K.L.:
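To start, I am sharing the structure in question, which I have written as structure tokens.
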Amino acid sequence: MTSSATAGRPSEARDRLLGTASRIFYADGIRSVGVDRIVAEAQVTRATLYRHFPGKDDLILAYLAAADEAIRARTGAAVAVGLPGPETVRVISQGIAHTIRTDGFRGCAFLNAAAEYPDPDHPIHRAVLAHRQWFLDTVAGLLGDDARARHFVMLRDGAMAAGCLFDPVLISDTFLTAVDGFLCT
């Protein structure tokens, strides 16, 4: 009999570890969360953690990879509709605004990780940069303009930062208004 882990599918314990770590990394910050807490909340042994993730950095990278995959999927779904580029950016913006309004919103997981891992040579920082470059390239492709894409990403970053500091409804509405004005210029 082949276990799910050996058949190429993640094990239930790995999924539980990653889900638990993702939840508490996002809620409490990456560096403030220890391996002991992750193991306790995921209800696994340390040996199980290290069997799936050789070190905490590997678990953090898996957390960021999962966040990246989710954002790529949402963005891909918006692109797949086939609207003109600016309209697709508007749809992506509506998804961002919705995210800002969710309970427990703490900003962008990637910006948060970059703040905790500022060394540009650290693998976690490099994972953040890779995600952000993909997002910038995607928006540039939709808008047909690198400079406009950079401006949009700055609008998004500001909304993500402000959304966890101020009234998320006001911030998300302000972000959508700013995007509408930006796309009309």
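No experiment lies behind these values; they were computed from the predicted model shown. Just the heavy atoms: all of them, side chains too, but no hydrogens, waters or symmetry mates, feed the values below.
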K.L.:
Looking only at the side chains, is there a donor atom on one of Arg14 and Ser11 sitting less than 3.5 Å from an acceptor on the other?
P.N.:
no
K.L.:
Thinking salt bridges, do Arg150 and Asp146 make one under a 4.0 Å N-O criterion?
P.N.:
no
K.L.:
Give the minimum heavy-atom separation between Pro168 and Gly163, together with the two atoms involved.
P.N.:
CB-O, 3.8 Å
K.L.:
Please confirm whether the ring centroid of His125 lies under 6.0 Å from the ring centroid of Tyr117.
P.N.:
no
K.L.:
In Å, rounded to the nearest 0.5 Å, how long is the span from OG of Ser172 to CG of Asp167?
P.N.:
8.0 Å
K.L.:
Just so I know, are the side chains of Leu49 and Lys56 near enough to count as touching, which here means a heavy-atom distance under 4.5 Å?
P.N.:
no
K.L.:
Assess the residue pair Arg132 and Asp137 against the criterion (salt bridge (Lys or Arg N to Asp or Glu O under 4.0 Å)); give the C-alpha distance rounded to whole Å, side-chain angles, the decisive distance to 0.1 Å, and a yes or no.
P.N.:
CA-CA 8 Å; Arg132 292 183 58 78; Asp137 292 345; over 6 Å; no
K.L.:
Would Asp36 and Arg46 count as a side chain to side chain contact (heavy atoms under 4.5 Å, CB included) if you check the C-alpha gap in whole Å, the side-chain angles of each, and the deciding distance to 0.1 Å?
P.N.:
CA-CA 8 Å; Asp36 290 336; Arg46 268 182 170 274; 2.6 Å; yes
K.L.:
I'd like to know if the side chain of Arg148 and the backbone of Phe182 have a donor-acceptor N/O pair within less than 3.5 Å.
P.N.:
yes
K.L.:
Find out whether Arg156 and Ile100 are in side-chain contact, i.e. whether some heavy atom of one side chain is under 4.5 Å from a heavy atom of the other.
P.N.:
no
K.L.:
Among the clusters formed by ILVMFWY side chains lying less than 4.5 Å apart, do Phe152 and Trp134 turn up in the same one?
P.N.:
yes
K.L.:
Test side-chain hydrogen bond (donor to acceptor under 3.5 Å, both in side chains) on Thr102 and Thr99 and set out the steps.
P.N.:
CA-CA 5 Å; Thr102 59; Thr99 298; 5.9 Å; no
K.L.:
Are Glu87 and Arg90 ion-paired here, with the side-chain N under 4.0 Å from a carboxylate O?
P.N.:
yes
K.L.:
Under a 3.5 Å threshold, yes or no: a donor from one side chain and an acceptor from the other, between Asn112 and Glu116?
P.N.:
no
K.L.:
Hey, is the main chain of Thr45 close enough, under 3.5 Å, to the side chain of Tyr50 for a donor-acceptor pair?
P.N.:
no
K.L.:
So which pairs with a foot in residues 60-112 pass ring-ring contact (aromatic ring centres under 6.0 Å, His included), sequence neighbours left out?
P.N.:
Phe25-Tyr63, Phe110-His131
K.L.:
Quick one: do Val79 and Val91 end up in the same hydrophobic cluster if we chain Ile, Leu, Val, Met, Phe, Trp and Tyr together by side-chain heavy atoms under 4.5 Å apart?
P.N.:
no
K.L.:
Has Thr48 got a side-chain atom pairing as donor or acceptor with Val44's backbone, closer than 3.5 angstrom?
P.N.:
no
K.L.:
Which pair of non-hydrogen atoms, one from Ala21 and one from Leu59, has the smallest distance, and what is that distance?
P.N.:
CB-CD2, 3.6 Å
K.L.:
Between Pro86 and Leu183, what is the shortest heavy-atom contact and its length?
P.N.:
O-CD1, 3.4 Å
K.L.:
So, the side chain of Arg16 versus the backbone of Ala42: is there a donor-acceptor pair under 3.5 Å, distance only?
P.N.:
yes
K.L.:
Which heavy atom of Ala178 sits nearest a heavy atom of Leu155, and at what distance?
P.N.:
CB-CD2, 4.0 Å
K.L.:
Ignoring hydrogens and geometry, is there a side-chain-to-backbone donor-acceptor pair from His151 to Ala147 under 3.5 Å?
P.N.:
yes
K.L.:
Between Glu41 and Thr20, is there a donor-acceptor pair closer than 3.5 Å when you use the side chain of the first and the backbone of the second?
P.N.:
no
K.L.:
As a quick check of understanding, evaluate side chain to side chain contact (heavy atoms under 4.5 Å, CB included) for Asp28 and Arg37, giving each step before the final call.
P.N.:
CA-CA 12 Å; Asp28 296 339; Arg37 179 174 172 199; 2.7 Å; yes
K.L.:
I would like to know whether Ile60 and Phe53 meet side chain to side chain contact (heavy atoms under 4.5 Å, CB included); could you show each step before the answer?
P.N.:
CA-CA 9 Å; Ile60 296 164; Phe53 303 99; over 6 Å; no
K.L.:
Quick one: does Arg126's side chain have a donor or acceptor within less than 3.5 Å of a partner on Asp121's backbone?
P.N.:
yes
K.L.:
Verify whether one side chain among Thr174 and Thr177 offers a donor that lies under 3.5 Å from an acceptor in the other.
P.N.:
no
K.L.:
With Ser32, which residues qualify under side-chain hydrogen bond (donor to acceptor under 3.5 Å, both in side chains), at least two apart?
P.N.:
none
K.L.:
Apply the test side chain to side chain contact (heavy atoms under 4.5 Å, CB included) to residues Cys108 and Asp157: give CA-CA distance (whole Å), side-chain angles for both, the deciding distance (0.1 Å), then the verdict.
P.N.:
CA-CA 8 Å; Cys108 172; Asp157 288 351; 5.7 Å; no
K.L.:
Closest heavy-atom contact between Ile92 and Ala78?
P.N.:
CG1-CB, 3.8 Å
K.L.:
Which pair of heavy atoms, one from Thr185 and one from Gly181, lies closest together, and at what distance?
P.N.:
CG2-O, 3.2 Å
K.L.:
For the CZ atom of Arg51 and the CG atom of Leu17, what is their distance to the nearest 0.5 Å?
P.N.:
9.5 Å
